[in-house]
There are 2 protein chains.
Amino acid sequence: MISLNNKFEQLPEEKQSRIVNASISEFAEKDYETASMNTVVNQAGISKGSLFNYFKTKSLLYDHIYKLALGEVKSYLRKVRDETVDLPFEKRLSKIVDSGVQFIIEHPRLAKIYFRLIYSADSPNRKKIVSELQKLSNDYLGEIIQDAMDQSELDPNLNQGQAVFFLDSVLNRFLKDYHEAISQGDANQFNRDEWVKGITTLFTKGLS
Amino acid sequence: MISLNNKFEQLPEEKQSRIVNASISEFAEKDYETASMNTVVNQAGISKGSLFNYFKTKSLLYDHIYKLALGEVKSYLRKVRDETVDLPFEKRLSKIVDSGVQFIIEHPRLAKIYFRLIYSADSPNRKKIVSELQKLSNDYLGEIIQDAMDQSELDPNLNQGQAVFFLDSVLNRFLKDYHEAISQGDANQFNRDEWVKGITTLFTKGLS
DNA sequence: TCCTAAATTGACCACCCGGTCATTATATAA
DNA sequence: TTATATAATGACCGGGTGGTCAATTTAGGA
């Protein structure tokens with residue numbers, strides 16, 4: 001026995017995806033407490049009893065969904081890290097922003113769940129999840145910054161932790177605002193190239 | 001007739017502050033949907049009917065509270081802006097961080113409401129409020145950055161909007177993390193001076 | 001002291017929630 | 001075809017919600 005969720009995983013794939021889809025929509029639209037299991041079952045076209053048979057509690061369903069969202073985020077990060085490993089810091093940063101934007105466009109609902117998780121305070125196990133995410137981001141951006149330090153593209157005596165923090169702050173905030181702009185239909189206010197250039201300039205040369 | 005809330009404002013001050021206190025606690029602890037009017041009336045020691053007599057709906061009570069929180073934030077910003085108007089950019093930044101930290105320590109619950117408002121998505125009129133906040137931040141940080149540009153402490157050809165965005169991202173994120181660290185009792189992980197120095201260095205000289 | 005107008009109360013309403021479980025429908029093996 | 005195990009159902013439960021309003025308490029002037 002590997003998984004504790006075999007009930008759900010042994011379902012026909014079509015049914016699984018109906019349920020996952022409905023759950024993603026609901027958890028993207030409302031925060032954890034406000035999201036309704038009733039809405040999920042109605043949108044998925046199954047009965048309430050069935051859903052609670054597959055996932056014993058709301059919290060376990062949420063677990064399944066956020067892990068799924070996080071998995072997608074991670075695979076994107078891994079992809080862009082590996083694909084840019086030989087590029088200079090500036091180009092790397094640019095690609096990171098690019099693929100963040102791409103992720104948001106391709107998975108707007110997952111992005112919403114991700115941002116809700118980071119910025120809101122009411123998901124179950126929030127502390128554990130957020131610290132996990134922090135580690136992920138630390139590892140990911142830390143590696144990129146360390147590479148740049150090793151290549152003397154960034155000051156080798158940099159406080160690496162701080163640098164990661166700054167980069168993370170700006171990137172996350174940019175992507176969050178971009179995501180919000182998209183979901184309100186006015187993403188044109190963002191000239192992507194200009195922003196990428198601005199961000200890389202900030203980190204390499206500062207504002208003076 | 002100036003105010004529409006005269007019912008509440010004509011109450012004895014002691015009673016007003018009991019109600020405000022209870023409301024602040026509740027809206028700080030839970031997000032808008034989850035916060036309970038029952039909890040508020042119990043903690044304030046008044047009856048439910050009375051509260052709904054003073055504030056016709058939950059949303060109107062929330063309005064009153066967030067405006068109060070915002071007012072405090074604004075007065076802090078105004079104060080630090082005026083007190084630092086003659087200082088160089090670096091010193092100014094440092095004072096801004098200082099007074100942000102001070103605000104968080106003095107008004108932890110208001111800070112929580114403020115951060116919830118910015119980062120969460122479920123307060124009523126959120127769009128309007130957030131854009132109001134953005135304007136506030138733009139005016140405030142914009143002025144400080146413009147001053148630094150005028151004094152040639154920052155590049156006079158800077159994209160001012162971007163610069164404000166970056167500064168806002170880093171400052172807000174720092175204060176948010178600091179606030180969370182405090183409310184979990186381990187704020188010692190933040191060496192304030194080191195962070196202030198790091199932030200000012202980032203913005204003036206970059207990381208290379 | 002009594003009367004009236006205003007303030008306060010809390011039982012009550014309709015609604016929604018997460019979760020349960022006896023009942024029913026479905027699939028499978030004999 | 002029939003008997004049996006398994007899966008799916010939705011009425012139902014206790015509890016909490018924002019909001020209401022008839023009844024009661026309080027305050028103040030005559």
Side-chain angles (χ1 to χ4, degrees), chain A residues 1 3-66 120 122-126, chain B residues 1 3-20 22-66 122-126:
Chain A
M1 157 108 56
S3 168
L4 298 163
N5 257 52
N6 39 18
K7 286 257 185 57
F8 175 70
E9 273 149 27
Q10 272 155 25
L11 251 38
E13 276 194 36
E14 186 271 342
K15 198 174 200 173
Q16 282 192 35
S17 79
R18 257 188 299 140
I19 294 170
V20 165
N21 232 316
S23 305
I24 288 178
S25 289
E26 184 64 3
F27 283 122
E29 215 153 298
K30 323 220 184 104
D31 62 307
Y32 178 76
E33 294 289 350
T34 316
S36 161
M37 297 296 265
N38 295 320
T39 307
V40 171
V41 300
N42 289 336
Q43 229 210 301
I46 62 172
S47 74
K48 204 167 176 177
S50 287
L51 183 56
F52 278 94
N53 186 26
Y54 310 143
F55 299 94
K56 250 193 295 206
T57 65
K58 182 184 184 180
S59 167
L60 287 175
L61 171 60
Y62 179 75
D63 250 44
H64 185 81
I65 297 301
Y66 103 73
S120 174
D122 303 297
S123 319
N125 311 317
R126 200 217 164 219
Chain B
M1 155 110 53
S3 168
L4 299 163
N5 257 48
N6 39 18
K7 285 257 186 56
F8 175 69
E9 273 149 28
Q10 271 154 27
L11 251 37
E13 275 194 38
E14 186 271 342
K15 199 174 201 172
Q16 282 192 35
S17 79
R18 258 188 299 141
I19 294 170
V20 165
S23 305
I24 289 178
S25 288
E26 184 64 3
F27 284 122
E29 215 154 296
K30 322 220 185 105
D31 61 305
Y32 178 76
E33 295 289 349
T34 318
S36 161
M37 298 296 265
N38 295 320
T39 306
V40 171
V41 299
N42 289 334
Q43 231 212 301
I46 61 171
S47 74
K48 204 167 177 176
S50 287
L51 183 55
F52 278 93
N53 186 26
Y54 309 144
F55 299 96
K56 249 192 296 204
T57 64
K58 182 184 183 180
S59 167
L60 286 175
L61 172 60
Y62 179 76
D63 251 45
H64 185 81
I65 297 301
Y66 102 73
D122 303 297
S123 319
N125 313 316
R126 199 214 165 223

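All figures in this text were calculated on a predicted structure; none of them were measured in a lab. Side chains included, hydrogens not; waters and symmetry mates left out as well; all remaining heavy atoms used.
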**Study point:** Nucleotide C:dA25, atom C1' - distance to CD1 of A:Ile46 in whole Å
**Key:** 16 Å
**Study point:** Interatomic distance, A:Leu61 CG vs C:dG18 P [rounded to whole Å]
**Key:** 10 Å
Check your understanding: Can you tell me how far CE of B:Met37 sits from CZ of B:Phe52, rounded to the nearest 0.5 angstrom?
Key -> 4.0 Å
Exercise for review: May I have the distance from B:Phe55 (atom CZ) to D:dT20 (atom P), rounded to whole angstrom?
Suggested key: 16 Å
**Study point:** Partner residues of B:Asp63 under the salt bridge (Lys or Arg N to Asp or Glu O under 4.0 Å) criterion, sequence neighbours left out
**Key:** B:Lys67
Polar atom pairs between nucleotides 19-23 of chain C and protein, under 3.5 Å, N or O only, would you list them?
| residue | atom | partner | partner atom | Å |
| --- | --- | --- | --- | --- |
| C:dG19 | OP2 | A:Lys58 | N | 2.7 |
| C:dG19 | N7 | A:Lys48 | NZ | 3.3 |
| C:dG19 | O6 | A:Lys48 | NZ | 2.8 |

Exercise for review: Round to the nearest Å and state the distance from A:Asn42 atom CG to D:dT9 atom C1'.
Suggested key: 13 Å
Exercise for review: Say whether, by atom type as modelled, one donor and one acceptor occur between the side chain of B:Glu33 and the main chain of A:Glu33 under 3.5 angstrom.
Suggested key: no
Review point. How close or far is atom C1' of C:dA7 from atom CZ of B:Phe8, stated in whole angstroms?
Key: 16 Å
Check your understanding: Can you tell me if A:Thr34 and A:Asp31 form a side-chain donor-acceptor pair at under 3.5 Å?
Key -> yes
Practice item. Tell me, please, which residues at least two apart from A:Lys30 pass salt bridge (Lys or Arg N to Asp or Glu O under 4.0 Å). Key: A:Glu26
Exercise for review: Take the protein atom CD of A:Gln10 and the nucleotide atom P of D:dT6, then report the distance between them rounded to whole Å.
Suggested key: 12 Å
Exercise for review: Determine, stepwise, if the pair B:Ser123 / B:Tyr62 fulfils side-chain contact (heavy atoms from CB on, under 4.5 Å).
Suggested key: CA-CA 9 Å; B:Ser123 319; B:Tyr62 179 76; 3.1 Å; yes
Check your understanding: Within this structure, what is the CG-to-C1' distance between B:Leu51 and C:dA7, rounded to whole angstrom?
Key -> 14 Å
Practice item. Please name all residues satisfying side-chain hydrogen bond (donor to acceptor under 3.5 Å, both in side chains) with A:Ser17, sequence neighbours left out, ordered by chain then number. Key: none
Exercise for review: Go through C:dC17, D:dG18, C:dT8 for me and flag the one nearest to the B:Ser36 side chain.
Suggested key: D:dG18
Practice item. Would you indicate whether the side-chain heavy atoms of A:Val20 and A:Phe8 approach each other to under 4.5 Å? Key: yes
Review point. Taking OP1 and OP2 of C:dA7, is either one under 4.0 Å from a side-chain nitrogen or oxygen of B:Tyr54?
Key: no
Review point. Under a 4.0 Å heavy-atom cut-off, which of residues 11-26 of chain A touch DNA chain D?
Key: A:Lys15
Study note, to complete from the structure: In whole angstroms, the gap separating P of C:dC17 from OH of A:Tyr32 amounts to 14 Å
**Study point:** 5'-most by nearest nucleotide on DNA chain C - B:Asn53 or A:Ala35
**Key:** B:Asn53
Study note, to complete from the structure: The salt bridge (Lys or Arg N to Asp or Glu O under 4.0 Å) partners of B:Glu13 (sequence neighbours excluded) come to none
